[in-house]
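Structure record follows, encoded as structure tokens.
Sequential numbering from 1 along the given sequence is applied to the chain's residues. None of these values were measured; they are calculated from a predicted model.
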Amino acid sequence: MDENELHYLRLLSRQFPTTAKASTEIVNLHAIMNLPKGTEVFASDIHGEYEAFSHLLRNGSGNVRTRIEEAFGDTLSDDEKTQLATLIYYPEQKVDLLLSQVDDEDAWYADVLPKLVAVCRQASVKYTRSKVRKAMPEDYKYVIEELLAESRHDPIKDAYYSAIIEAVIRTGSARGLIIAMSLLIHRLAIDQLHIIGDVYDRGPYPDRIMNALMGYHNVDVQWGNHDIVWMGAATGQRGCIAHVVRNSARYGNLSILEDAYGINMLPLARFALEAYADDPCVAFGLKGNPNLRPDEIDLNIKIQKAMAVIQFKVEGQLIDENPDFDLEHRKLLHLIDYDKGTICIKGTEYELIDKVMPTIDPADPYRLTDEEEAVMLHLEQSFRKSEKLQRHMRFFLENGALYKIVNGHLLLHACVPLNADGSLKEVNVFGKTYKGRELYDVLDKYVRAGFYSADPAERKRGADLMWWLWQGEGSPLFAKSKMATFELYLVPDKAARKEEKNSFYKLIENEEVINGIFKSFGMDPDTSRIVCGHVPVKVKDGEDPVKCGGKVLCIDGGFSRAYQGATGIAGFTLISNSHGVFLAAHEPLESMTAAVVKELDIHSQMREVERSKRRVLVGDTDTGTELREQIADLERLLEAYRRGLIPEG
């Protein structure tokens, strides 16, 4: 052993100071490697749909119902299993509802508690006792541990088991214990959660989803294009702020900004009502039905138009500041004939849907008016000073990235940019070109610099790059030729609105091309998969989310209500457990209230993607590789102890 290795082993000896402790840890790690692999759940494009997402976390994407089936088989009726499942999903609400329907509360508790213990025991079988103990709610740890350890069918311990249950009921702790065991079952149902992008935009409660993720025991996030634009907005980047505010108004969700993040909309609202007072804003109707009052709808429409015009101006300025972004073709305001109400794009003249543009100076169309500048300065400060927004974005940075490789799965939101011939597309990033994994890595570095760099110029580059990631042609998060926001609002011709997808989507069934992507990321093409979202899979039209013989899994199935008409379902989750890989297609959830009162679950169709020939163990996963490395280090420490190179503590 050289001095460097001995130095490392001396540090390791502080944690394991004796031969006995090092040996015990080796035994423990070997045992863990032979446990069944934990359940991983992958979800994508949640888009603010908190209730549906929360329900899937509570039911473990169907895993809780599986544990109930394993625990009881045919000994409970389907109705009894459904009621028990609902109790586990929503213990606080369901306990009170059920107790209001029974005459003898103590008898009900005495019946329910052993059932929960049975499900809890079934959910814990693939974990070490230590891991289960750490997952237990602190206030009920002793009681739960004793109940899980004892078998009610052992006559020697039957009285002991019954005494615990009776004491829990007598001391008024039964309701709290039901909640604690239900939360433990939630925790054990999913070992690791992967979010493949787009928590934000469209739906009403992205902040609640972020709070849930921040409290989750094991989660990672691959940033989506709708996430990155919110991240950019949090830095004060004007293009990102303009989109976030405009899009929130478009979906009638300004409450996300005002109520959830404390961003004062009053200066913007006052400006919009004055600048567009008599303007019908014909091109700026709301998407969907946000259940707003008529005056609220009118305000959202006017704010939407005000921010759209500001966005077109701000983006023109950003394009001039960042010629490397190659977005000159997205500057359109100077192409408008303001007298005729038309625009000439690529030699074709189009009549504008909305010709009322009182804040645009035809001689200097990208200049903000003094009032617009004041609005943007206020919004910049508000986004930067929102403590809750900054906290949520820090979570993205600390627990997320542009991509992740885990257990042979390459997780990314949209695509790896490709040329038409299937080769990796070279993308210009501030004067240098990158492709494949190198592109992802350099973009990730710039995003973090946008938040953390001590150099103001570097921070600005990072912030501006987040805006480019939202809509640049070479962006692996956008994956299209252009962001046709202007045309979608103002040009009626669908041909002018068309956004061409990156060649990744045209070549997604080409095995040679997909294998080339795996090689770029240092992965084995024979055993790897891409898991992505971004583009809703039109299941109702027969589109298959399983691409390229299972090498690519597209799991955007329409969590967002705005997309469910196109997909025909209400989202996918991908499940990887010790038995294989499965894809669940979900039906819509009526509401949380209906789930509690009517005992409605999210019904899912489960599809087998791959069935393992033998049960997958922890030792077969990335965690197993890490454990083997730890075992090797501990064995070297044992050798050092035995040779007298390091004294035992």
Side-chain angles (χ1 to χ4, degrees), residues 32-44 56-57 59-71 73 119 122-127 131 185-196 218-220 222 404-412 508-509 511 514-515 518 523-533 537 539 543-557 569 571-586 601-627:
I32 292 172
M33 287 176 62
N34 287 279
L35 287 171
K37 170 190 178 296
T39 298
E40 296 175 85
V41 170
F42 307 73
S44 177
L56 284 170
L57 293 187
N59 79 359
S61 196
N63 204 12
V64 171
R65 190 62 189 248
T66 300
R67 301 287 85 82
I68 291 172
E69 293 290 343
E70 291 172 347
V119 178
Q122 197 63 42
S124 67
V125 292
K126 63 168 63 176
Y127 301 109
K131 187 168 185 175
I185 293 167
H186 298 174
R187 162 66 181 80
L188 299 176
I190 300 175
D191 192 44
Q192 187 168 14
L193 176 65
H194 307 285
I195 305 298
I196 319 296
N218 189 6
V219 61
D220 53 76
Q222 288 66 63
K404 183 181 180 71
I405 299 172
V406 57
N407 295 328
H409 293 85
L410 172 58
L411 314 183
L412 49 88
I508 202 166
E509 298 285 1
E511 186 172 357
I514 299 303
N515 287 346
F518 290 134
M523 302 173 70
D524 182 354
D526 294 332
T527 59
S528 299
R529 286 191 186 88
I530 293 172
V531 182
C532 59
V537 178
V539 177
E543 185 180 356
D544 192 345
V546 180
K547 314 285 188 183
C548 198
K551 285 181 176 284
V552 182
L553 303 174
C554 297
I555 64 168
D556 180 2
I569 59 172
F572 288 118
T573 50
L574 184 70
I575 302 156
S576 174
N577 58 31
S578 61
H579 298 291
V581 179
F582 308 89
L583 189 66
H586 306 296
D601 205 342
I602 289 182
H603 296 289
S604 307
Q605 289 188 342
M606 196 72 70
R607 172 180 174 181
E608 182 180 300
V609 176
E610 179 184 48
R611 172 73 63 172
S612 300
K613 294 179 180 178
R614 62 170 181 82
R615 198 160 192 189
V616 180
L617 304 179
V618 172
D620 301 317
T621 68
D622 293 346
T623 300
T625 300
E626 296 172 4
L627 295 180

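In this structure, CG on Asn577 lies 8.0 Å from CZ on Arg615, to the nearest 0.5 angstrom. Taking NE2 from His586 and CG from Leu56, the interatomic distance works out to 4.5 Å, rounded to the nearest 0.5 Å. The distance from atom SG of Cys554 to atom CG of Leu574, rounded to the nearest 0.5 Å, is 11.5 Å. To the nearest 0.5 Å, atom CZ of residue Arg529 and atom CG of residue Leu410 are 12.5 Å apart. From Thr66, atom OG1 reaches atom CD of Gln122 across 10.5 Å, with rounding to the nearest 0.5 Å. Going from atom CD1 of Ile575 over to atom OG1 of Thr573 covers 4.5 Å, rounded to the nearest 0.5 Å.
Across every non-hydrogen atom of Val64 and Gly60, the tightest pair is CG2-N, 4.2 Å. Ala123 and Leu188 get closest at one heavy-atom pair: O-CB, 3.7 Å. Scanning all heavy atoms of the two residues, the minimum distance from Leu35 to Tyr127 falls at CD1-C, 4.0 Å. Taking every heavy atom of both residues into account, Ser604 and Ala584 meet most closely at CB-CB, 4.3 Å. Nearest heavy atom pair, residue Gly38 against residue Lys126, reads CA-CD, 3.9 Å.
Distance alone, capped at 3.5 Å, places no donor-acceptor pair between the Lys131 side chain and the Ser124 backbone. Remark: the backbone N or O of Asn59 is not paired with any side-chain donor or acceptor of Arg65 at under 3.5 angstrom. Checked by atom type and distance alone, the side chain of Glu608 never pairs as donor or acceptor with a backbone atom of Phe582 at under 3.5 Å. Thr621 contributes a side-chain N or O that, together with a main-chain N or O of Val618, makes up a donor-acceptor pair within less than 3.5 Å. Using a distance-only test at 3.5 Å, with no hydrogens or angles considered, no donor-acceptor pair links the side chain of Asp191 to the main chain of Glu40.
Using a 3.5 Å distance cut-off with no hydrogens or angles, the side chains of Thr623 and Lys37 do not pair a donor with an acceptor. A donor and an acceptor atom, one from each side chain of His579 and Ser612, are nowhere located under 3.5 Å apart.
By the 4.5 Å heavy-atom criterion applied to side chains, Arg67 and Val119 are counted as neighbours. Residues Ile190 and Asn63 have side chains not in contact (no heavy-atom distance under 4.5 Å, counting atoms from C-beta outward). Side-chain contact between Ile196 and His409: absent, with no pair of heavy atoms (C-beta onward) separated by less than 4.5 Å. Contact annotation: the side chain of Thr39 never approaches that of Ser61 to less than 4.5 Å [non-hydrogen atoms, C-beta and beyond]. Between Glu610 and Ser576 there is no side-chain heavy-atom pair separated by less than 4.5 Å. Ile530 is not listed as a side-chain neighbour of Lys547, based on a closest heavy-atom distance of 4.5 Å or more. In this structure the side chain of Leu583 reaches within 4.5 angstrom of the side chain of Pro545, judged on heavy atoms. The shortest distance between side-chain heavy atoms of Phe518 and Asp526 does not fall below 4.5 Å.
Contacts of Asp544 classified as side chain to side chain donor-acceptor pair (under 3.5 Å), with partners at least two apart in sequence or in another chain: Arg607. Applying the ring pair (Phe, Tyr, Trp, His ring centres under 6.0 Å) criterion to His194, with sequence neighbours excluded, gives Phe42.
Heavy-atom neighbours of Glu543 CD from other residues, nucleotides or ligands within 6.0 Å: above the threshold of 12.
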*Which is it for Leu553 and Val546 under the side chain to side chain contact (heavy atoms under 4.5 Å, CB included) test, yes or no, and what are the steps along the way?*
CA-CA 5 Å; Leu553 303 174; Val546 180; 3.9 Å; yes
